[in-house]
Amino acid sequence: MNAMANASCDAAPLPVRQPENLLKISFEFFPPRNEKMERDLWDAVKRLEPLAPKFVSVTYGAGGSTRERTHNTVSRITEETSLAAAAHLTCVSATREEVDDVARRYWDAGIRHIVALRGDAPEGEDTYTPHPGGYAYAADLVTGLKKVADFEVSVAAYPETHPTASSADADLDNLKRKIDAGAVRAITQYFFDGDVYLRFMDRVHAAGVNVPVVPGILPVTNFAQVRKFSAMCGTSVPQWMAELFEGLDDDPETRKLVAATVAAEQCRMLQANGVNEFHFYTLNRADLAYAISHILGLRPADDDQAETGSRRTET
Ligand SMILES: Cc1cc2nc3c(=O)[nH]c(=O)nc-3n(C[C@H](O)[C@H](O)[C@H](O)COP(=O)(O)OP(=O)(O)OC[C@H]3O[C@@H](n4cnc5c(N)ncnc54)[C@H](O)[C@@H]3O)c2cc1C
């Protein structure tokens with residue numbers, strides 16, 4: 001089947017400019033490892049800032065390996081931009097006291113939003129084992145964070161079920177536990193088939209979870225890498241995507257155009273089904289996230305609005 005036709009069949013025809021105040025976006029970054037990466041990240045943050053996202057978040061490396069870098073990045077965004085920054089935090093390889101200390105430092109630095117995660121096994125270990133003195137699962141972490149301070153807490157959700165969950169229902173129960181513990185939003189693992197998300201949302205609502213479950217959108221620039229990573233995190237890669245990227249291994253320019261088109265079509269299909277909020281995994285690059293946001297109808301805030309930090313997206 002024609003891949004693009006398949007991807008776009010449910011979307012409204014262009015142009016489809018939504019009222020900006022309905023559309024909410026957020027961007028995810030990872031903490032840079034060196035000066036060049038720091039400059040690239042900062043360029044991306046500055047380019048995306050005028051789109052006035054609801055928040056931007058910064059990931060936490062496996063096993064807490066980026067503790068300081070995540071903290072520095074989130075703090076710098078908070079201090080030097082108009083953006084609301086959220087810090088990811090995991091349970092891995094740390095006692096409850098250590099995790100609580102990290103959270104307290106965030107609170108003291110004015111950071112009010114934490115993305116609370118269990119995390120994966122550190123490198124070299126096959127399976128996740130809770131630290132004996134630590135938070136075992138994300139739901140426990142949410143409970144602990146709410147004791148430290150009244151953080152806004154987001155958590156992870158899995159439209160295709162977390163790979164180690166005993167069943168899809170058990171995974172949904174786990175999501176519910178995280179919300180009951182105080183999380184106000186879930187962000188999904190990335191997925192490529194919009195129907196998978198919509199069917200998941202039917203189950204989420206049927207389970208009585210009524211907080212936003214924001215689709216995580218990954219614009220694919222390196223298909224081979226994404227295919228490998230998807231196998232580990234349980235995201236299925238449709239055949240039509242493999243066909244779209246076929247023959248483009250040595251053609252990054254065309255890959256980028258294809259990536260923007262695929263992700264924009266995915267978002268527009270969801271938009272046509274009433275979804276107004278998107279979380280973009282930027283991989284610290286602004287170009288694709290910016291282009292897709294533009295296609296969805298978002299425009300930069302006016303300069304004077306940007307200066308006062310006002311938002312064109314709903315807050
Ligand atoms: C939006 C998003 C952002 C992410 N950011 C990061 C990041 O910054 N750093 C990072 O290292 N990783 C990150 N991850 C990856 C995440 O850490 C992994 O997917 C991890 O394997 C699960 O984390 P979780 O918070 O979903 O875990 P949990 O919600 O704790 O669930 C993990 C698994 O355990 C099961 N489970 C939960 N409670 C119990 C229980 N009591 N008994 C038995 N089983 C249970 C669940 O069903 C699930 O299978 C992110 C993932 C997403 C979707």
Side-chain angles (χ1 to χ4, degrees), residues 25-32 54-67 69-71 73-74 85-94 99 102-103 106 113-123 125-131 134-145 153-191 196-197 200 203-204 207 209 211-218 229-235 277-284:
I25 52 164
S26 51
F27 299 117
E28 184 173 305
F29 302 107
F30 63 86
K54 190 170 169 62
F55 65 90
V56 300
S57 74
V58 181
T59 60
Y60 198 69
S65 55
T66 67
R67 186 181 294 187
R69 282 188 280 129
T70 299
H71 190 279
T73 306
V74 175
H88 293 216
L89 186 57
T90 73
C91 310
V92 178
S93 304
V99 173
V102 174
Y106 278 125
H113 183 175
I114 303 271
V115 182
L117 304 141
R118 186 199 71 177
D120 286 315
E123 221 164 296
E125 291 175 32
D126 288 341
T127 51
Y128 170 81
T129 316
H131 187 287
Y135 294 111
Y137 293 99
D140 308 310
L141 175 59
V142 178
T143 304
L145 287 172
V153 180
S154 299
V155 292
Y158 299 85
E160 298 184 73
T161 305
H162 185 269
T164 65
S166 55
S167 69
D169 284 346
D171 210 31
L172 195 51
D173 286 346
N174 178 49
L175 175 62
K176 201 164 176 336
R177 276 199 297 279
K178 294 193 276 194
I179 304 305
D180 290 345
V184 294
R185 169 190 308 99
I187 302 168
T188 76
Q189 182 61 279
Y190 71 87
F191 56 89
V196 163
Y197 170 83
F200 175 64
R203 295 179 52 240
V204 164
V209 174
V211 301
V213 178
V214 182
I217 306 294
L218 176 69
F229 190 66
S230 301
M232 290 190 297
C233 68
T235 296
E277 197 163 356
F278 300 93
H279 181 78
F280 291 104
Y281 296 107
T282 68
L283 306 182
N284 292 6

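Start at 1 and go down the list; that is how both ligands and their atoms are numbered. Keep in mind that what you see is a predicted model, and the values were worked out from it rather than measured. Each residue takes its place number in the sequence, starting with 1.
A distance of 8.5 Å separates CD1 in I114 from CG in L141, rounded to the nearest 0.5 Å. The line from CG of L218 to SG of C233 is 9.0 Å long, rounded to the nearest 0.5 Å.
Residues satisfying the salt bridge (Lys or Arg N to Asp or Glu O under 4.0 Å) test with R118, not counting sequence neighbours, are D120. When the salt bridge (Lys or Arg N to Asp or Glu O under 4.0 Å) test is applied to R67, no partner is found at least two apart in sequence or on another chain.
A perpendicular orientation is assigned to the rings of Y281 and H279, their planes being inclined by more than 60° (bins at 30° and 60°).
Within the 4.0 Å heavy-atom criterion, neither part of Y135 lies near ligand 1. When non-hydrogen atoms are compared, ligand 1 lies under 4.0 Å from neither the backbone nor the side chain of Y128. Under 4.0 angstrom from ligand 1, the non-hydrogen atoms of T90 all belong to its side chain.
Between the choices K178, R177, R118, E28, the shortest heavy-atom distance to atom 32 (C) of ligand 1 belongs to R118. For the residues F30, Y60, Y137, the heavy atom positioned nearest atom 9 (N) of ligand 1 is part of Y60.
For ligand 1, one of its N or O atoms has an N or O atom of G119 under 3.5 Å away. At least one N or O atom of D171 sits closer than 3.5 Å to an N or O atom of ligand 1. Looking at T59 next to ligand 1, no N or O pair under 3.5 Å apart turns up. Polar contact with ligand 1: present for A138 (N/O pair, distance under 3.5 Å).
Between L117 and H88, the closest side-chain pair of non-hydrogen atoms falls below 4.5 Å.
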